[in-house]
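Reviewing the structure listed below.
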Amino acid sequence: MGALFVNRSCPMQITLNGQPHTLAQALSVAELLTQLALTGKRVAVELNQEIVPRSAHATTLLADGDQVEVVHAIGGG
Amino acid sequence: MPLVAANTGDCMTSASLTTPPDAPLIIAGRSFESRLLVGTGKYKDMAETQAAIEASGAQIVTVAVRRTNIGQNPDEPNLLDVISPEKYTILPNTAGCYNAEEAVRTCRLARELLDGHDLVKLEVLADQKTLFPNVVETLKAAEVLIKDGFKVMVYTSDDPIIARQLADMGCVAVMPLAGLIGSGLGICNPYNLRIILEEAQVPVLVDAGVGTASDATIAMELGCAAVLMNTAIAHAQQPVLMAQAMKHAIIAGRQAYLAGRMPRKLYAQASSPLDGLIR
């Protein structure tokens with residue numbers, strides 16, 4: 001899980017959907033989704049292989065080195 | 001020019017009087033009128049997906065769970081806006097998973113994505129060439145998922161023993177392949193399916209292998225509770241028309257199963273009476 005208390009001004013490096021991703025400052029999951037223009041979209045978020053429930057997006061802060069997955073539904077059989 | 005019987009109305013009335021109503025398909029306590037389940041993969045675009053799903057009359061629709069494109073196409077339509085969870089029962093699959101761990105992780109993401117919806121299609125694949133199920137990993141994943149509260153509809157081989165084990169452990173539906181995924185080869189081993197069906201304790205659905213309408217009918221005539229298909233519709237020359245054909249094929253096969261077919265005979269038996277022949 002992301003650390004609850006972090007210095008929000010430091011740039012940090014996370015892995016987002018398998019790709020390195022730099023954050024100018026510490027963000028919550030909800031803020032990350034806003035940056036990605038995914039607010040209100042039907043997505044699910046996993047942080048370090050644990051589900052982050054939608055209700056916890058605003059209160060879950062990301063930390064340096066976090067692995068974040070954002071998924072959605074696509075066509076499939 | 002369409003062929004229309006003059007007394008269509010009368011025929012409909014007498015047919016509805018003599019046709020006993022079919023019981024609905026019940027999966028995990030939920031009841032469905034349609035016995036056709038469809039996938040949403042391999043369509044040309046979202047509009048075609050939507051039109052084909054609509055034409056099929058399916059109520060249960062499978063989707064895959066994948067990484068969101070980051071910053072590539074923010075305005076790209078979302079499948080769940082087109083195939084709405086309010087209208088359809090969405091069945092997220094674990095396609096592309098090759099071990100139990102990946103499959104369980106995918107199901108948990110799907111449950112979050114669909115606001116706690118717990119019905120999933122578990123498929124754990126063995127290799128890319130055959131997309132045959134890895135039954136060892138499938139059994140492992142099913143156990144974890146069932147403990148975690150999921151309602152598991154499970155894609156499996158047509159091995160009757162594995163099908164029985166999956167039902168015994170609590171899967172809500174067992175879905176043996178009729179042929180390899182995307183092969184369109186039809187019902188390759190009807191005898192195994194018959195054994196699975198004979199001792200089925202949960203709904204048995206054919207999942208994968210159907211190529212055209214007659215394949216779906218055969219599956220239903222064998223006594224399958226329903227059929228799940230994707231490529232047979234999506235890769236038809238005219239997907240929307242094939243979706244309609246499949247809808248009718250499923251109904252025809254189901255009715256033929258309920259009606260009970262005539263026995264097969266080696267020799268002819270005249271349909272017209274021999275009495276009163278003009279000699």
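Keep in mind it's a predicted model, so treat the numbers as computed, not measured.
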With a 4.0 Å cut-off, would you call B:R105 and A:E46 a salt bridge? yes

So what's closer than 4.5 Å to chain A heavy atoms on B:K42: side chain, backbone, both or neither? neither

Please round to the nearest 0.5 Å and tell me the distance separating atom CD of A:Q49 and atom CG of B:L109. 10.0 Å

Is the CD atom of B:E102 crowded by more than 12 outside heavy atoms at less than 6.0 Å? yes

Best-contacting candidate, B:D115, B:I181, B:L228, against chain A by heavy atom pairs under 4.5 angstrom: B:D115

Nearest non-hydrogen partners of B:L113 and A:V71, listed with the distance: CD1-O, 3.9 Å

Looking only at heavy atoms, what is the nearest atom pair of B:N78 and A:R42, with distance? ND2-O, 3.6 Å

Could you report the tightest heavy-atom contact between A:A44 and B:E112, atom names first, then the distance? CB-CG, 3.6 Å

What closest approach, in Å, do A:N17 and B:T68 show between heavy atoms, and which atom pair accounts for it? ND2-O, 3.0 Å

For A:V70 and B:R67, run side-chain contact (heavy atoms from CB on, under 4.5 Å): C-alpha distance rounded to whole Å, both residues' side-chain angles, the deciding distance at 0.1 Å, then the answer. CA-CA 6 Å; A:V70 183; B:R67 284 173 165 164; over 6 Å; no

More than 12 heavy atoms of other residues, nucleotides or ligands under 6.0 Å from CD of B:Q237: is that the case? no

List the atom of A:G75, the atom of B:A64, and the distance in Å for their closest heavy-atom pair. O-CB, 4.0 Å

Interatomic distance, NZ@A:K41 vs CG@B:D81, rounded to 0.5 Å, equals 8.5 Å

Can you see which heavy atom on B:N93 is nearest to which on A:G77, and at what distance? ND2-C, 3.0 Å

Should we count CD of B:Q238 as having more than 12 external heavy atoms under 6.0 Å? no

Rounded to the nearest 0.5 Å, how far apart are NE2 of A:H72 and CG of B:L80? 9.5 Å

Can you tell me how far apart CD1 (A:I74) and OG1 (B:T40) are? Round to the nearest 0.5 Å. 8.0 Å

